[in-house]
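Below: one structure, written as C-alpha cells.
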Protein chains: 2
Amino acid sequence: MFLGSYEHAIDEKGRLAIPARFRADLAGGMVLTRGFDRCLLIFPLPYWSDLTRRVSALSLVDEDARMLRRLLFASASEQEMDRQGRILLPQNLREAGGLTDQALLVGLDAFIEVWAPDRWREVQQRLETQGPHFDEQMRKLGI
Amino acid sequence: MFLGSYEHAIDEKGRLAIPARFRADLAGGMVLTRGFDRCLLIFPLPYWSDLTRRVSALSLVDEDARMLRRLLFASASEQEMDRQGRILLPQNLREAGGLTDQALLVGLDAFIEVWAPDRWREVQQRLETQGPHFDEQMRKLGI
DNA sequence: GGTAAAGTGGGGAAAAGTGGAGAATACTCC
DNA sequence: GGAGTATTCTCCACTTTTCCCCACTTTACC
C-alpha cells in the first residue's frame, strides 16, 4: 500500500532513492514504465504481471495487438533496488517524464507515480481549481 | 520477460550482440525469423515450439494460414549465441528487415523484435499520435 | 540532545559491447 | 584430386559503460 508524496534527488548517474516506506512492497522486484500525462509509473512485479498477462496472450497477427504490445513493453524496465534502496532511471524514461535533478514519488495505493516536481504542482493546481467539477465524475464512479 | 529497447551495432560480419538482460532467457536456444511491419523476430525456443504447434494445426486450405506459414517458417533460422553473447543475422534476414549497421532490439515480454532504428522511430511516433485509440483497447482488456 | 535511520555523492571493480586476429572449413580452379 | 583461395566461425583483447559498495551528511524520532 503506497501512500503519500516524497521528493527525492536524482543524482548524476540517474539514480533515484525509493522512499523508505515504499521499499518493503517493492522488495520482490518492480517494473518502471511510461505513464499518462508525462509521468512515470512504478509497479510491484505481481501487479505488473497481472496487468500484462492478457496483453501477452493477444494475437501475434492482429495489428492493434502488436502496437499495444509495443506501447506497453518497449519502454518498460525491470529494476531492483541497490543496497541503499535506489533504482536506476534509464535515460529514455527520464526524458519521457521530463525529469532532470529532482523527482516526486506519489504513492497511489497499488502503484507509484514519478513526476517532475513543477509538473506535479500544475496537476495539483488543476485539482484545486477544478475540484467542484469532480463531484460529478466521482458520482459516476460510484464513490 | 523481455522489456525495454536497446540499440546495438551490427558489425561487418553481420553479428548482433544480444542485450545482457535478454541472454538468460535465450540460453536455451532461439529462432530468428521475419515478422510483420518489416521487423525481425527472436523467439525463445519454448515459445517457438508452442507457436509452431499452433500454426501447423491450421488448415492447409486457409489462405491466411498459408501466408502465415510462409512468413514464419521460410526464412526462420535457429541461432545460438557465441561466447560474447552475439548471434549472426543471415543476410536474407538483414535485407528483409532493412538492417545495415545498427539495430534496435525491443523486448515485448515473451519475444523480441529487431528493427532498423529509423523505422522504429516511425513506429514510436505513430504510437504517440494514436494514443487515444489505445485507451479504448486497454479499457477492454481491463487495464 | 542523542541515536538511528534515511538520503546523497563518489570511487573502484566487474561486466558489457565492439573490433580484430587466427584457426578450421568449404570452395574453386588448375 | 590437390593446392590455393575465400569464407565462416570461434576465441581473444581492448574500451567503455554500468553496477555495486562504502562513507559522509542530513533528517527524523525518541
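In what follows, every heavy atom counts, from backbone to side chain, and hydrogens, waters and symmetry copies are set aside. Throughout, protein chains are lettered first and strands after them, A, B, ... in sequence-line order, and every chain is numbered starting at 1.
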Considering only NZ, NE, NH1 and NH2 on the basic side and carboxylate oxygens on the acidic side, decide whether A/Arg121 and A/Glu128 come within less than 4.0 Å.
-> no

Given [options], which nucleotide is nearest the side-chain atoms of [X]?
X       : options                : answer
B/Asp11 : C/dG19, D/dT10, C/dG10 : C/dG19
A/Arg15 : C/dT8, D/dC20, C/dA6   : D/dC20
B/Arg83 : C/dA6, C/dT8, D/dC11   : D/dC11
A/Arg21 : D/dC22, D/dC29, C/dG7  : D/dC29
A/Arg86 : C/dG9, D/dC11, C/dA6   : C/dG9
B/Arg23 : C/dG20, C/dG17, C/dT8  : C/dG17

Indicate, with a heavy-atom threshold strictly under 4.0 Å, whether B/Glu12 touches base, sugar-phosphate, or nothing.
-> nothing

Starting from [atom2] on [N], measure out to [atom1] on [X] and report it in whole angstrom.
X       : N      : atom1 : atom2 : result
A/Glu7  : C/dT8  : CD    : P     : 9 Å
A/Asp82 : D/dA23 : CG    : P     : 16 Å
B/His8  : C/dA16 : NE2   : C1'   : 8 Å
B/Gln84 : D/dT16 : CD    : C1'   : 16 Å
B/Leu89 : D/dC9  : CG    : P     : 13 Å
A/Gln79 : D/dC20 : CD    : C1'   : 14 Å
A/Ile87 : C/dG7  : CD1   : C1'   : 15 Å
B/Glu80 : D/dC9  : CD    : P     : 12 Å

Is it the case that one hydrophobic cluster holds both B/Leu88 and B/Met30, taking links as side-chain heavy atoms less than 4.5 Å apart, direct or via other members?
-> no

Within residues 94-117 of chain A, find the residues that approach DNA chain D with a heavy atom at under 4.0 Å, and present them sorted by residue number.
-> none

Should the pair B/Phe43 and B/Trp48 be assigned to parallel (<30°), tilted (30 to 60°) or perpendicular (>60°) ring geometry?
-> tilted

Return the orientation label for the B/Phe2 and B/Phe22 ring planes: parallel under 30°, perpendicular over 60°, tilted otherwise.
-> perpendicular

Side-chain donor-acceptor pair under 3.5 Å between B/Glu122 and B/Trp120, yes or no?
-> no

